[in-house]
Amino acid sequence: MSNTTIRTKLRSDELSCPSCVPKIEKALLALPGVEKAEVKFGSGRIEVDHDPALSDVAALVRTIAKTGYTAKPSAF
């Protein structure tokens, strides 16, 4: 991770099938500044390592929404 990279944790209660995992990860990884995106199907947790100057949290949430899922920032 570079100095400008932060880890954002999001949560979605809508992950209904394992096939949505690569779909969401691929969409997030296509964003500028996103270095890593990991979707945990079992817990609904989405962890993203990104440069907030290039893709902020709102951009992450919007991108997940475009794949058909609602996600919101989570503290854990």
Side-chain angles (χ1 to χ4, degrees):
M1 284 199 322
S2 66
N3 294 349
T4 54
T5 303
I6 62 168
R7 172 165 288 167
T8 296
K9 292 180 176 73
L10 303 164
R11 187 171 290 278
S12 176
D13 299 325
E14 299 180 351
L15 305 182
S16 53
C17 58
S19 65
C20 61
V21 170
K23 187 172 156 186
I24 294 171
E25 288 177 350
K26 186 177 175 193
L28 289 168
L29 287 167
L31 287 172
V34 173
E35 293 181 6
K36 183 178 166 207
E38 194 174 354
V39 178
K40 306 210 187 302
F41 175 71
S43 62
R45 209 162 87 191
I46 304 164
E47 293 181 2
V48 188
D49 294 346
H50 64 107
D51 181 341
L54 297 173
S55 291
D56 62 8
V57 174
L60 303 179
V61 171
R62 274 195 312 272
T63 297
I64 294 167
K66 284 181 193 163
T67 65
Y69 301 92
T70 304
K72 57 186 182 298
S74 172
F76 54 90

Side-chain touch [X]/[Y], heavy atoms, less than 4.5 angstrom:
X	Y	value
Pro73	Leu10	yes
Asp49	Glu47	no
Arg7	Lys36	yes
Ser12	Ile46	yes
His50	Leu31	no

Step-by-step side chain to side chain contact (heavy atoms under 4.5 Å, CB included) determination, Val34 to Glu25: CA-CA 10 Å; Val34 173; Glu25 288 177 350; over 6 Å; no

Give me the atom names and distance for the closest heavy-atom approach of [X] to [Y].
X	Y	value
Thr67	Ala27	CG2-CB, 3.6 Å
Pro52	Thr4	CD-O, 3.1 Å
Tyr69	Cys20	OH-CB, 3.0 Å
Arg11	Ser43	NH1-O, 2.8 Å
Val21	Phe41	CG2-CB, 3.7 Å

Lys40 atom NZ, neighbour heavy-atom count above 12 within 6.0 Å: yes

Ile24 reachable from Leu29 in the ILVMFWY side-chain graph, under 4.5 Å edges: yes

Nearest-0.5 Å distance that lies between atom CD1 in Ile64 and atom CG in Leu28: 4.5 Å

